[in-house]
Amino acid sequence: MKCLECKKELSYFDHRNSMDIFEVELCEKHTDLMLKLQDKHDTPVEAIQLYYGLKEAGVNAMLEWWDGKKSIDLAISRVKLNIEIDTEYHMLTHEQAINDLEEAMHSFKNGFTTIRIPHDLVTFYLKETVENIIGIMEGLRANIKAI
């Protein structure tokens, strides 16, 4: 068992602790960093899980990237893709829908595409979610080259 961030060998305690909190293998240092990130930005656990799922697939993503207006859960800057994890999508109000639309407009004006992913998708279908994001990245990469 090794930390997905620094590749350090994990003790049983560090492994168990990070798995209990994030369901991701992290050393004590990186578990603490993720906890601080959660405290500062209210980062969903699923965003951290998706970040490490993408990292394992060779995708260089950034957690809590500032887009000039707000912090984005995950960003893949090479293809200008922002990913937001919806933790309360089942309670969508018209106000939230308008806010989501305005955020998407802001992203498009800056050349970014924003996708929203329900947290359950990451929880139960992480591998498929990562595969689909890679497919979206390939499509965005092809469109960037075409222009």
Side-chain angles (χ1 to χ4, degrees), residues 1-93 95-97 99-141 144:
M1 299 173 290
K2 292 185 179 186
C3 175
L4 292 175
E5 192 66 44
C6 66
K7 307 301 182 214
K8 175 184 169 188
E9 282 291 326
L10 297 178
S11 68
Y12 175 77
F13 175 77
D14 288 341
H15 167 75
R16 189 75 258 144
N17 188 42
S18 69
M19 292 301 286
D20 287 345
I21 298 170
F22 300 116
E23 295 182 27
V24 173
E25 291 182 331
L26 297 173
C27 65
E28 181 179 11
K29 173 186 170 187
H30 288 107
T31 298
D32 289 344
L33 284 171
M34 291 300 120
L35 287 169
K36 287 177 185 172
L37 188 71
Q38 272 190 313
D39 286 343
K40 185 175 181 181
H41 296 285
D42 200 25
T43 307
V45 170
E46 296 85 0
I48 294 168
Q49 293 168 344
L50 183 56
Y51 170 78
Y52 284 107
L54 289 166
K55 186 177 184 89
E56 283 187 301
V59 176
N60 187 20
M62 297 173 286
L63 268 169
E64 294 301 337
W65 183 71
W66 182 255
D67 76 347
K69 185 177 178 187
K70 71 178 211 91
S71 189
I72 303 296
D73 291 333
L74 286 159
I76 304 170
S77 61
R78 288 187 181 240
V79 293
K80 296 188 171 193
L81 178 63
N82 292 338
I83 303 169
E84 290 286 352
I85 304 298
D86 277 337
T87 56
E88 298 179 9
Y89 64 92
H90 60 281
M91 295 194 268
L92 187 66
T93 64
E95 290 94 357
Q96 186 60 46
N99 287 339
D100 291 351
L101 192 58
E102 287 175 358
E103 288 173 13
M105 176 193 64
H106 177 73
S107 293
F108 275 116
K109 283 184 176 181
N110 289 318
F112 279 77
T113 300
T114 299
I115 60 172
R116 303 188 79 76
I117 300 175
H119 68 100
D120 288 343
L121 206 56
V122 175
T123 301
F124 299 111
Y125 303 100
L126 179 60
K127 182 181 176 200
E128 294 89 341
T129 303
V130 168
E131 289 169 0
N132 280 291
I133 290 171
I134 291 170
I136 291 167
M137 290 173 57
E138 290 167 357
L140 289 170
R141 212 175 269 125
I144 289 170

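No experiment lies behind these values; they were computed from the predicted model shown.
- Between K70 and E84 there is a salt bridge, since at least one side-chain N of the basic residue sits less than 4.0 Å from a carboxylate O of the acidic one.
- Among I136, I133, D73, the one residue that satisfies the side chain to side chain contact (heavy atoms under 4.5 Å, CB included) test with I83 is I133.
- The number of heavy atoms from other shown groups lying within 6.0 Å of NZ (K2) does not exceed 12.
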Between F22 and Q38, does the side-chain contact (heavy atoms from CB on, under 4.5 Å) criterion hold? Intermediate values first, please.
CA-CA 11 Å; F22 300 116; Q38 272 190 313; 3.4 Å; yes
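- Distance check: Y125 OH to I117 CD1 gives 15.0 Å after rounding to the nearest 0.5 Å.
- Looking at every heavy atom in both residues, L63 comes nearest to A47 through CD2-O, 3.9 Å.
- Between K36 and D32 there is no salt bridge, since no side-chain nitrogen of the basic residue lies less than 4.0 Å from a carboxylate oxygen of the acidic one.
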task = For F112 and L81, run side-chain contact (heavy atoms from CB on, under 4.5 Å): C-alpha distance rounded to whole Å, both residues' side-chain angles, the deciding distance at 0.1 Å, then the answer.
result = CA-CA 6 Å; F112 279 77; L81 178 63; 6.0 Å; no
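- Of the possible polar contacts, one joining the S18 side chain to the V24 backbone as a donor-acceptor pair under 3.5 Å is found.
- Across V130 and L50, no two heavy atoms sit closer than the pair CG2-CD1, 3.9 Å.
- Summarising the geometry, atom CD belonging to E131 is positioned 10.0 Å from atom CG belonging to L126; distances are rounded to the nearest 0.5 Å.
- With respect to the salt-bridge test (charged N to carboxylate O, under 4.0 angstrom), the residues E5 and K55 qualify.
- Annotation: the span from K109 atom NZ to H106 atom NE2 amounts to 9.5 Å, rounded to 0.5 Å.
- Side-chain atoms of H41 and S71, non-hydrogen and from C-beta on, do get closer than 4.5 Å to each other.
- When every heavy atom of C27 is checked against every heavy atom of C3, the shortest pair comes out as N-SG, 3.4 Å.
- Annotation: the span from T31 atom OG1 to M19 atom CE amounts to 11.0 Å, rounded to 0.5 Å.
- M34 and Y52 make their closest contact through CE-OH, 3.8 Å (heavy atoms, listed as atom of the first residue, atom of the second, distance).
- For N60, the CG atom sits in a loose shell: 12 or fewer heavy atoms of surrounding residues, nucleotides or ligands are nearer than 6.0 Å.
- Heavy-atom minimum distance, N110 versus K80: O-NZ, 4.3 Å.
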message = The test is side-chain contact (heavy atoms from CB on, under 4.5 Å); show your working for N17 and E28 and say whether it passes.
response = CA-CA 8 Å; N17 188 42; E28 181 179 11; over 6 Å; no
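- Atom CD of E23 is surrounded by 12 or fewer heavy atoms from other residues, nucleotides or ligands within 6.0 Å.
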Item to complete: Give the intermediate values and the outcome of side-chain contact (heavy atoms from CB on, under 4.5 Å) for residues D14 and L26.
Response: CA-CA 7 Å; D14 288 341; L26 297 173; over 6 Å; no
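- L74 CG to I76 CD1: the interatomic distance, rounded to the nearest 0.5 Å, is 7.0 Å.
- What you find for T43 and L37 is that their closest heavy atoms are OG1-O, 3.4 Å.
- The local environment of CZ in R78 is sparse, with at most 12 non-hydrogen atoms from other residues, nucleotides or ligands closer than 6.0 Å.
- The distance from atom NZ of K7 to atom CD of E25, rounded to the nearest 0.5 Å, is 10.0 Å.
- When the shell of 6.0 Å around CG of N99 is examined, it contains more than 12 heavy atoms from other residues, nucleotides or ligands.
- Side chains of T114 and E103 form no contact here, defined as non-hydrogen atoms less than 4.5 Å apart.
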